[in-house]
Amino acid sequence: MPLDVESLMRECSEELPPNTIAAAIQAVEGSVISPALFTLYTDNCRSSDPEITYIKYSDDTVIIDTSNTEGKLQAEMDIFSDWCRKNGLDLNASKTKELVIDFRRGQQTITTLKVDSQAIERVEEYKYLGTTIDQKLTFKRNNEIIFSKCQQRLFFLRKLRKLQVHQSTLLAFYRCFIESIITFNITAWFGALSKINVNPLTKIIRMCSKIIGLDLEPLSSIHSRRTQIKGLQIASDPTHTHYTTSTAPYPQAADRSLPFRTQRATSSFVSTSIILINACS
């Protein structure tokens with residue numbers, strides 16, 4: 001059930017002046033309640049434009065513009081900056097980055113975004129919530145980072161094997177320190193990987209299988225299983241953003257064709273999850 005923040009705030013401030021909430025103490029920096037309080041505080045910071053989406057996680061905010069209209073994102077940035085100023089929040093322009101995802105071959109001229117007359121740095125890739133996103137959504141750099149981390153942990157798995165640690169302990173080490181890294185957010189990036197980029201991660205799993213002495217679940221199987229589980233969760237959650245995707249609503253997925261024209265879209269999470277749900281229905 002969605003949280004009615006306005007009603008909650010109104011109940012908390014019945015005896016106070018309008019638009020005022022009293023707090024007996026301040027939340028300690030780093031405490032578990034701080035993100036929840038910040039989420040409540042910034043709940044009304046939303047876009048009225050259907051082509052612009054705000055994604056907020058704790059104190060991180062991402063503004064996504066899918067309109068492809070020059071100047072619309074800058075106008076939204078001005079509104080966002082003004083909202084921050086009115087609500088006592090500082091928007092750090094030096095830490096704000098712009099990532100333009102453009103699949104066109106020719107180089108396009110795009111106006112640089114500004115926050116209070118200060119230009120925002122445009123980057124080719126950005127790490128958000130543990131996953132590195134690039135301009136073409138190839139996730140190549142993200143794949144390289146995962147491969148590097150897994151190689152480091154393979155050293156310790158080999159050491160445990162030399163110490164003749166029990167097979168169950170080796171498997172537990174693999175699940176906790178290697179598989180967890182390889183499969184983190186796999187439903188978002190695996191479908192975009194080329195075969196060349198998948199091979200290094202497959203090689204890591206094959207090496208771990210040889211060290212442990214057990215057949216380990218292939219990466220493609222893990223991706224399919226987790227994508228199907230996530231898709232079924234979305235299909236049963238009417239409050240989820242993708243519950244009624246315009247291209248193919250999950251509840252009616254079996255009765256809808258997938259109007260995707262590119263391999264990139266066909267391999268995406270939405271398309272893959274629908275196909276897997278249809279297969280098991």
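- Nearest heavy atom pair, residue Lys56 against residue Asp43, reads NZ-O, 3.8 Å.
- The CD atom of Glu76 sits 8.5 Å away from the CG atom of Asp65 when rounded to the nearest 0.5 Å.
- With respect to Asp134 and Lys140, no salt bridge is recorded, no charged nitrogen being found less than 4.0 Å from a carboxylate O.
- Inspection of the Thr202 and Asn199 side chains reveals no N or O donor paired with an N or O acceptor under 3.5 Å.
- For residues 151-161, there are no side-chain hydrogen bond (donor to acceptor under 3.5 Å, both in side chains) pairs, not counting sequence neighbours.
- Taking each heavy atom of Leu216 and Ser209 in turn, the nearest pair found is CD1-N, 3.5 Å.
- Atom CG of Asp215 sits in a sparse spot, with 12 or fewer heavy atoms from other residues, nucleotides or ligands closer than 6.0 Å.
- Applying the side-chain contact (heavy atoms from CB on, under 4.5 Å) rule to Asp237 yields the partners Thr239, His240; only residues at least two apart in sequence or on another chain are considered.
- The minimum heavy-atom distance linking Pro238 with Ser236 is given by the pair CD-O, 3.5 Å.
- Judged by distance alone, the side chain of Lys136 and the main-chain N or O of Asp102 form a donor-acceptor pair under 3.5 Å.
- Using modelled atom types, one finds a donor on one side chain and an acceptor on the other under 3.5 Å when comparing Ser221 with Glu217.
- Under a 4.5 Å side-chain heavy-atom cut-off, the cluster of Ile, Leu, Val, Met, Phe, Trp and Tyr residues that includes Ile196 has no other member.
- A distance-only check finds no donor-acceptor pair linking the side chain of Thr131 to the backbone of Tyr128 [under 3.5 Å].
- Cluster annotation: Ile181 and Phe156 are assigned to the same hydrophobic cluster (Ile/Leu/Val/Met/Phe/Trp/Tyr, side-chain heavy-atom contacts under 4.5 Å, transitive).
- The two residues Glu51 and Ser67 have their closest heavy-atom pair at OE1-CB, 3.1 Å.
- Across every non-hydrogen atom of Gly191 and Ser267, the tightest pair is O-CB, 3.2 Å.
- Scanning all heavy atoms of the two residues, the minimum distance from Ser224 to Leu276 falls at O-CD1, 3.3 Å.
- Aromatic ring pairs are classed by plane angle as parallel below 30°, tilted from 30° to 60° and perpendicular above 60°; the pair His223 and Phe190 is tilted.
- If you run side chain to side chain contact (heavy atoms under 4.5 Å, CB included) between Ile182 and each of Ile222, Asn143, Ile205, only Ile205 comes through.
- Annotation: side chain of Ile63 is not in contact with side chain of Ser47 (no heavy-atom distance under 4.5 Å).
- Between Phe80 and Trp83, the ring planes are parallel. Angles under 30° get that label, and only those over 60° would be called perpendicular.
- Note that the CG atom of Leu219 and the CD atom of Glu179 stand 9.0 Å from one another [nearest 0.5 Å].
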